[in-house]
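Okay, here's the structure, questions in a sec.
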Amino acid sequence: MLVNFVTVLLVILFCGSAVESRTKVLSAPSRGGVSRSGLVYADGDGICKSMVETRNYPCEEHTVTTEDGYILSMQRIPLGRSGERSGDRPPVLLQHGLLMDGITWLLSPPEQSLALLLADNGFDVWIGNTRGTKYSQGHTSLTPDDDAYWDWSWDQLVAYDLPATVKYVHDQAGQKTHYVGHSLGTLVALAAFSQDQVMNMMRSAALLSPIAYVGQLTSPLARIAADKFLAETLRWLGLHEFNPRGEAVIELLKTICSNPRIDCTNLLTSFTGQNCCLNSSVVDVFLEHEPQPTATKNMIHISQMVRSGTIRMYDYEDEEENRRHYGQPTPPDYDMKSIRNDFPLYLSNGGADALSDVKDVELLLSNLQGHEGDKLVTQYRPEYAHADYVMADNAKEAVYDPLIAFLRLQ
């Protein structure tokens, strides 16, 4: 019965990939949503305008261009709601997970959303948005209608997106930045750290639902998708953009969730694990803004990790093609043991998390065991699953307060 349900859900999501409705980034004037580079959002609803300023926080729209031409949206919340400017405000960069965007950190009410809590606690907050998501679909020469635009996996987030955003925050703030990642945002950071990238511009990193290894994940949706090579099938069908936010999909989910007899928090369970602490109102906000597109190639890369249990670069499944990209017949590994043992890390994982499985996190921690004792802080929440870390109604007390205390010490 579970397999049948998951299969139907996968078909619905994949059909959404074929009928997606894109929101494009235009250069023509429109109302609101203007970035620092002069780009204007087609519907005038930039994250600052729609999710931050409405809550009486100051907000700035920024963009940064990666070395390979992607134009990424960033938001800055320079002050808390009080507007008090006194004291040094250390920067902190927030990076979302897979199929999400920067709104990840703003889904809950102000007193429960990490981005706004950090601003109220004296931090200069920067929010990143991965290439391909709604507000980061600009490029110097391509459009999202071009297949080449979607020719990337998380390897390119490691090589281009993360360095570009970290450097931008570092240069704008004039000092090293803290980093907070969730899910894919932790994978990208750990991979970069293993190559000693960006660490000279960072103070510390807090990793929520840390992802490095996913070979033991228990998510039925993710496991079936990987084992059945569904992302590879999408690419074979010519779908280079993976967009689960097709209009038909969202309308179907909203209709289902409007039924008072249906608890839509359970819709996330087959993907994330049994979240302990979500309420229906946060799920409603989630469906207004998420999920977000990514590259089909990125989904293939993650599926390769699930099947192999390793953390390595994208496998072209052809020795000659791998040689052309890497100079060797197989993709290189990202070696977690090579992460500097004096770099401050905070890791928090949940016992009910079906994506950041406890056994996979234990494998990651075993590779970090050479870390200096006071530089590696771990937290375990037995009741938490994947979405709890960004949407739980008790996340402030359970996770964010300890996280902020960790940042203050660095």
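Just so we're clear, the structure is a prediction, and the values are computed from it rather than from any experiment.
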query = Do the charged groups of Arg307 and Asp315 touch, with an N to O distance under 4.0 Å?
reply =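 Salt bridge: no.
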key: Exercise: do Tyr334 and Asp155 side chains pair donor with acceptor under 3.5 Å   =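 A donor-acceptor contact under 3.5 Å links the two side chains.
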inquiry  = Nearest 0.5 Å, please: how far is CG in Leu114 from CD1 in Ile404?
reply    =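 CG of Leu114 is found 6.0 Å from CD1 of Ile404.
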query = Under the 3.5 angstrom rule, does the side chain of Ser50 hit a backbone N or O of Gly46 as a donor-acceptor pair?
reply =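 Flag set: sc Ser50 to bb Gly46 pair under 3.5 Å.
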ask   = How long is the span from the CG atom in Leu363 to the OH atom in Tyr213, to the nearest 0.5 Å?
value =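 OH of Tyr213 is found 5.0 Å from CG of Leu363.
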task = For Met100 and Glu290, work out which heavy atoms get closest and say how close.
result =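 Smallest interatomic distance, heavy atoms only, reads CA-OE1, 3.4 Å.
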Side-chain donor or acceptor of Gln156 paired with backbone N/O of Ser153 under 3.5 Å =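 Here the side-chain-to-backbone pair exists.
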inquiry  = Are Ile300 and Arg235 packed together at the side-chain level, in the sense that at least one heavy-atom pair is separated by less than 4.5 angstrom?
reply    =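 Yes, side chains in contact.
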query = In Å and rounded to the nearest 0.5 Å, what is the CD to OG distance from Gln216 to Ser356?
reply =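 One gets 11.5 Å once the value is rounded to the nearest 0.5 Å.
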query = Do Ile311 and Leu190 have side chains that get closer than 4.5 Å, going by heavy atoms?
reply =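 Side-chain contact under 4.5 Å: no.
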query = Taking atom CD of Glu67 as the centre, does the number of heavy atoms from other residues, nucleotides or ligands within less than 6.0 Å exceed 12?
reply =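 Counting neighbours around CD of Glu67, 12 or fewer heavy atoms of other residues, nucleotides or ligands fall under 6.0 Å, so no.
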key: With Cys59 via disulfide (SG to SG under 2.5 Å) - residues at least two apart   =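 In terms of disulfide (SG to SG under 2.5 Å), with neighbours along the sequence ignored, Cys59 is linked to Cys48.
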query = Which heavy atom of Ala212 sits nearest a heavy atom of Met305, and at what distance?
reply =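 Minimum heavy-atom separation between Ala212 and Met305: O-CE, 3.3 Å.
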task = Check whether any side-chain heavy atom of Cys276 sits under 4.5 Å from a side-chain heavy atom of Tyr384, and report yes or no.
result =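 With C-beta onward as the side chain, the pair touches.
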query = Are the side chain of Ser338 and the backbone N or O of Ser194 linked by a donor-acceptor pair below 3.5 Å?
reply =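 Side chain of Ser338 to backbone of Ser194, a donor-acceptor pair under 3.5 Å: yes, one is there.
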inquiry  = Quick one, Leu278 and Asp388 - any side-chain contact, counting heavy atoms below 4.5 Å?
reply    =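 The answer is yes; the side chains approach within 4.5 Å.
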key: Thr130 side chain near Asp161 side chain, heavy-atom distance below 4.5 Å   =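 Thr130 vs Asp161: side chains touch.
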inquiry  = Less than 4.5 Å apart, side chain to side chain, heavy atoms only: is that true for Asn298 and Leu184?
reply    =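 Yes, side chains in contact.
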request  = Spell out, as yes or no, whether a donor-acceptor pair under 3.5 Å connects the side chain of Ser136 to the backbone of Gly132.
outcome  =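 Between the backbone of Gly132 and the side chain of Ser136 there is no qualifying donor-acceptor contact (under 3.5 Å).
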task = Run the numbers on Val306 and Leu217 for side chain to side chain contact (heavy atoms under 4.5 Å, CB included), then give the verdict.
result = CA-CA 8 Å; Val306 174; Leu217 60 73; 3.7 Å; yes
task = Ignoring hydrogens and angles, state whether a donor on the side chain of Gln75 or Asn129 is under 3.5 Å from an acceptor on the partner side chain.
result =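 Judged by distance alone, the side chains do pair up.
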message = How close do Arg312 and Trp154 get, counting heavy atoms only, and between which atoms?
response =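 Shortest heavy-atom separation between Arg312 and Trp154 comes out as O-CZ2, 3.8 Å.
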key: Donor-acceptor contact present, side-chain Glu111 to main-chain Ser108, <3.5 Å   =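 Not confirmed, Glu111 side chain does not pair with Ser108 backbone.
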Ignoring hydrogens and angles, write down the donor-acceptor pairs under 3.5 Å from the side chains of residues 373-380, residues two or more places apart or on other chains.
{"unit_1": "Gln379", "atom_1": "OE1", "unit_2": "Tyr346", "atom_2": "OH", "d": "3.4"}
{"unit_1": "Gln379", "atom_1": "OE1", "unit_2": "Ser348", "atom_2": "OG", "d": "2.5"}
{"unit_1": "Gln379", "atom_1": "NE2", "unit_2": "Ala398", "atom_2": "O", "d": "2.7"}

inquiry  = Let me confirm one number: the CG-CG distance from Leu347 to Leu207, rounded to the nearest 0.5 Å.
reply    =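 Rounded to the nearest 0.5 Å, the CG-CG separation comes to 4.5 Å.
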Distance-minimising heavy-atom pair for His386 and Leu355 =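 Closest approach of His386 to Leu355: CD2-CD1, 3.6 Å.
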inquiry  = Within the 4.5 Å heavy-atom criterion, are Ile103 and Val285 side-chain neighbours or not?
reply    =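 No, side chains not in contact.
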query = Do side-chain atoms of Arg55 reach the backbone of Arg81 as a donor and acceptor pair under 3.5 angstrom?
reply =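 Pair absent, no side-chain N/O of Arg55 close to backbone of Arg81.
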Partner set under side-chain contact (heavy atoms from CB on, under 4.5 Å) for Arg76, not counting sequence neighbours =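 Once residues adjacent in sequence are excluded, the partners of Arg76 under the side-chain contact (heavy atoms from CB on, under 4.5 Å) criterion are Glu60, His62, Pro78, Asp124, Trp126.
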query = Leu79 versus Tyr57: any side-chain heavy-atom pair under 4.5 Å?
reply =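 When only atoms from C-beta onward are counted, Tyr57 and Leu79 do not touch, as no gap falls below 4.5 Å.
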ask   = Just by distance, do the side chain of Tyr316 and the backbone of Thr330 share a donor-acceptor pair under 3.5 Å?
value =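 No; judged by distance alone, with no hydrogens or angles, the pair does not exist.
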request  = For the pair Lys337 and Asp335, find out whether any cationic side-chain nitrogen is under 4.0 Å from an anionic carboxylate oxygen.
outcome  =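 Judged by the 4.0 Å cut-off on N to carboxylate O distance, Lys337 and Asp335 do not form a salt bridge.
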ask   = Can you tell me how far the OG atom of Ser73 sits from the NZ atom of Lys134, to the nearest 0.5 Å?
value =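 Reported value, rounded in 0.5 Å steps: 11.0 Å.
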query = CD1 of Ile211 to OG of Ser183: how many Å apart, nearest 0.5 Å?
reply =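 Answer for the CD1-OG pair, Ile211 versus Ser183, is 5.0 Å.
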task = List the steps and the verdict of side chain to side chain contact (heavy atoms under 4.5 Å, CB included) for Gln304 and Glu317.
result = CA-CA 10 Å; Gln304 291 173 351; Glu317 307 289 349; 3.5 Å; yes
key: Side-chain ion pair, Asp401 and Lys396, N-O less than 4.0 Å   =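 A salt bridge is present here (some side-chain N lies under 4.0 Å from a carboxylate O).
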query = Does a donor on one side chain sit under 3.5 Å from an acceptor on the other, for Thr296 and His240?
reply =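 The answer is no; no qualifying pair exists.
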request  = Verify, without hydrogens or angle tests, whether Arg203 (side chain) and Thr177 (backbone) share a donor-acceptor contact under 3.5 angstrom.
outcome  =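 No; zero donor-acceptor contacts below 3.5 Å.
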query = Is Lys359 salt-bridged to Glu362, going by a charged N under 4.0 Å from an acidic O?
reply =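 Looking at Lys359 and Glu362, the cut-off is not met.
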query = For residues His96 and Thr104, is any side-chain donor paired with an opposing acceptor at under 3.5 Å?
reply =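 Thr104 and His96 do not have a side-chain donor-acceptor pair below 3.5 Å.
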inquiry  = Which heavy atom of Trp152 sits nearest to which heavy atom of Leu157, and what is that distance?
reply    =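 Shortest heavy-atom separation between Trp152 and Leu157 comes out as CZ3-CD2, 4.1 Å.
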Short side-chain to backbone donor-acceptor contact, Asp120 and Gly80, under 3.5 Å =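 Flag not set: sc Asp120 to bb Gly80 has no pair under 3.5 Å.
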query = Closest heavy-atom contact between Arg131 and Thr66?
reply =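 The answer is NH2-OG1, 3.9 Å.
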query = So, does Asn367 use its side chain to make a donor-acceptor pair with the main chain of Met336 at under 3.5 Å?
reply =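 Between the backbone of Met336 and the side chain of Asn367 there is no qualifying donor-acceptor contact (under 3.5 Å).
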message = Could you go through Asn322 and Gln328, starting from their C-alpha distance and side-chain angles, then the distance that decides it, and tell me whether this counts as side chain to side chain contact (heavy atoms under 4.5 Å, CB included)?
response = CA-CA 6 Å; Asn322 282 333; Gln328 60 185 58; over 6 Å; no
query = Under the side chain to side chain contact (heavy atoms under 4.5 Å, CB included) criterion, do Phe193 and Phe343 qualify, and how do the steps go?
reply = CA-CA 9 Å; Phe193 297 164; Phe343 183 73; 3.8 Å; yes
